[in-house]
2 protein chains.
Amino acid sequence: MGTAVGGERSGPRYVQIADEIVQQIRAGVLKPGDMVPSESELVERYGVSGGTIRKAMVEVRASGLVETRHGKGSIVKDRPPVRLRSSDRFRRSLRQGGKAAYLAESAQSGAEAKVSVLYIGPMDAPEDAASRLGVPVGTKVLARRRLYFRNGTPTETATSYLPWDVVKDIPELFAENPGGGGIYARLEDHGHEFAEFVETLQARPASKVEATELALSSGAPVVHLIREARTTAGVVVEVCDTLMAADQFIFEYRIPAAD
Amino acid sequence: MGTAVGGERSGPRYVQIADEIVQQIRAGVLKPGDMVPSESELVERYGVSGGTIRKAMVEVRASGLVETRHGKGSIVKDRPPVRLRSSDRFRRSLRQGGKAAYLAESAQSGAEAKVSVLYIGPMDAPEDAASRLGVPVGTKVLARRRLYFRNGTPTETATSYLPWDVVKDIPELFAENPGGGGIYARLEDHGHEFAEFVETLQARPASKVEATELALSSGAPVVHLIREARTTAGVVVEVCDTLMAADQFIFEYRIPAAD
DNA sequence: TAGTGGTCTAGACCACTTG
DNA sequence: AAGTGGTCTAGACCACTAC
């Protein structure tokens, strides 16, 4: 019932239902923290079968506005107050001001950031990092692996790789907190002057494991960002491999028109 | 029957099946251009119901290795020979060499590129473009909307917005082909000297309409890139709004360590 | 017309979460 | 134990693509 007359809406029923739920969230009828009605309730409300509601909820999840947990239900996520990754974030002046890159940004967008260190220590260089660092695969490097939270939800995993030669005389790099200005400031303290940072980005659907790690619904897009930090001596002193929940970030780059 | 013995594989059946199909593609058992067996055939082969195969194929599509068309079947896509969007692409020297940005890149990666012009003409400035250009919403601007193909498949839609004041004396900008070096070269010919380009990127799942436009399976990730071209006079003379199939591109940006 | 994918149903059973 | 989402089935019907 309820379909035959009226609007003659187009498209599959499950899309209509999904849109309707998404609209309710965007319009504020369902606020962050609220539970979406259970699937059985939606079955009654819309007078369709369970499978149809199921498909609708898949669409709703894909919108990124909702997080579903087995046995519990779907909860409206906190509005993703997206973080701006400006290319200004590597300015020397910010480091000298004592702020690390991610804190500088979080401060800007008024969000509560947290970092959890997963591992700091020696590691055999994986293939991609090795080639970027210009060392043979399997060479001992320092790895710093961490997980970033934003308002309580994991948004980003990052692993830095640094050549052992470079780090062996800089004890701060083995500490969880490398001190004001972050690891780049420590590297500068020890005579490594940065020339440029090169970032490559690629967006793709999250794999199952990545999805769980970042608390995403599987298939949600992630951004894979790899940064090389190059010194004026022409050496890559860090490779940083990070994976981000795509809906949490907007990236901004300024390209000088030089040449 | 068929399942009970053997590997005791883990996870839902539809994921196992999806993985198996994806493996066959990666291993080359199914080559680009090949048709994936029809769903009814897979139902027989795996001895499961249609719904299960259906879900498996959703996963396979999400991998981006396959394109499905209603009434026809699923075909293994050409391996995405990803295109590198280097931030070098706006170098003045390239324009003076007579190449437009996208051609310069395509040449690099040895792929056959094509552009189809969808619309060139006046348009009331949409909200986002207007604010970036610093004009009121609805002001008349020149819009240049086009669709880029790569090896026959659509990969990118792009719409440029230019203030009418700027373009009214540059007839080449109303032509499909604005001549060697592209529109940026023409703008420079007329005294607009570029200072910098600012690009913002965001990745998200494609909406239904975007998916059809770019021949993607709905929900596949897209990258939304917006570029502002700023002159030394401090004016934004172009806003370019583009939407790309995420699996077709890798982005690279060089960030000078200045300051 | 025959074969394909796309939608929808009605119901069974399982797995997780909460009281 | 009751309620939730997750998987799977068996089958109907529709819409698109070929021939």
Side-chain angles (χ1 to χ4, degrees), chain A residues 1-4 8-21 30 34-62 66-77 208 211-212 215-220, chain B residues 1-4 8-21 30 34-62 65-77 208-209 211-212 215-220:
Chain A
M1 261 269 100
T3 15
E8 189 64 19
R9 299 165 200 81
S10 61
R13 192 81 180 95
Y14 75 91
V15 174
Q16 298 172 20
I17 294 172
D19 286 349
E20 214 167 305
I21 295 172
L30 291 169
D34 288 356
M35 296 297 290
V36 175
S38 78
E39 297 192 354
S40 41
E41 200 177 324
L42 292 171
V43 164
E44 281 189 29
R45 180 177 308 182
Y46 288 100
V48 296
S49 84
T52 302
I53 290 297
R54 200 111 249 294
K55 270 185 110 177
M57 288 307 296
V58 169
E59 296 288 305
V60 174
R61 275 190 281 277
V66 131
E67 188 184 332
T68 301
R69 264 183 308 191
H70 192 169
K72 228 185 148 196
S74 294
I75 190 171
V76 179
K77 282 209 275 197
K208 291 265 184 225
T212 53
L216 298 171
S217 34
S218 119
Chain B
M1 41 113 47
T3 14
E8 189 66 19
R9 300 165 199 81
S10 61
R13 194 80 180 96
Y14 75 91
V15 174
Q16 299 172 20
I17 294 172
D19 286 349
E20 215 167 305
I21 295 171
L30 290 169
D34 287 356
M35 296 298 289
V36 176
S38 77
E39 297 191 354
S40 42
E41 200 177 323
L42 292 170
V43 163
E44 280 189 28
R45 179 179 308 180
Y46 288 101
V48 297
S49 84
T52 302
I53 290 296
R54 199 111 249 293
K55 270 185 111 175
M57 287 308 295
V58 169
E59 296 287 305
V60 174
R61 274 190 281 279
L65 294 171
V66 131
E67 187 184 333
T68 301
R69 264 183 310 189
H70 192 170
K72 229 184 147 194
S74 294
I75 190 170
V76 179
K77 283 209 275 196
K208 290 268 185 224
V209 290
T212 54
L216 298 171
S217 34
S218 119

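Remember, predicted model here, so these are calculated numbers, not experimental data. Both backbone and side-chain heavy atoms feed into the values below; hydrogens, waters and symmetry mates do not. Chain A is the first sequence line, chain B the second, and so forth, proteins listed ahead of strands; every chain is numbered from 1.
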Pairing residues for A:Ala18 by the side-chain contact (heavy atoms from CB on, under 4.5 Å) criterion, not counting sequence neighbours
A:Ala56, A:Glu59, A:Val60
Once side chain to side chain donor-acceptor pair (under 3.5 Å) is applied, do any residues pair with A:Thr52, and if so which ones, sequence neighbours excluded?
none
How many angstroms lie between atom CE of A:Met35 and atom NZ of A:Lys72, to the nearest 0.5 angstrom?
6.0 Å
Rounded to whole angstroms, how far apart are CD on A:Glu41 and C1' on D:dG5?
14 Å
Output one line per pair: protein atom, nucleotide atom from nucleotides 14-16 of chain C, and distance, for all N/O pairs under 3.5 Å.
unit_1	atom_1	unit_2	atom_2	d
C:dA15	N3	A:His70	NE2	2.9

Side chains of A:Met57 and A:Ile21: closer than 4.5 Å at any heavy-atom pair?
yes
Tabulate protein N/O versus nucleotide N/O from nucleotides 7-10 of chain D, keeping only pairs under 3.5 Å, one per line.
unit_1	atom_1	unit_2	atom_2	d
D:dT7	OP1	B:Tyr14	OH	3.1
D:dT7	OP2	B:Lys55	NZ	3.0
D:dC8	OP1	B:Arg13	N	2.7
D:dC8	OP2	B:Tyr14	N	3.4
D:dT9	OP2	B:Ser49	N	2.7
D:dT9	OP2	B:Ser49	OG	2.9
D:dT9	OP2	B:Thr52	OG1	2.5

Mind calculating the distance between CD (A:Glu39) and C1' (C:dG11) to the nearest angstrom?
15 Å
Could you walk me through whether A:Val58 and A:Arg61 pass the side-chain contact (heavy atoms from CB on, under 4.5 Å) test, one step at a time?
CA-CA 5 Å; A:Val58 169; A:Arg61 275 190 281 277; 3.8 Å; yes
May I have the distance from B:Arg69 (atom CZ) to D:dT17 (atom C1'), rounded to whole angstrom?
10 Å
Residues 36-46 of chain B, side-chain donor-acceptor partners within the protein, below 3.5 Å, at least two apart:
unit_1	atom_1	unit_2	atom_2	d
B:Ser38	OG	B:Ser40	OG	3.2
B:Ser38	OG	B:Glu41	N	3.2
B:Glu39	OE1	B:Arg54	NE	3.0
B:Glu39	OE2	B:Arg54	NH2	3.3
B:Tyr46	OH	B:Glu20	OE2	3.4

Nucleotide D:dT17, atom P - distance to CD1 of B:Ile75 in whole Å:
14 Å
Using whole Å, report how far CG of B:Leu42 lies from P of C:dG3.
17 Å
Please state whether the phosphate of C:dG3, meaning OP1 or OP2, lies under 4.0 angstrom from any side-chain nitrogen or oxygen of B:Ser38.
no
By side chain to side chain donor-acceptor pair (under 3.5 Å) - contacts of B:Glu67 (at least two apart):
none
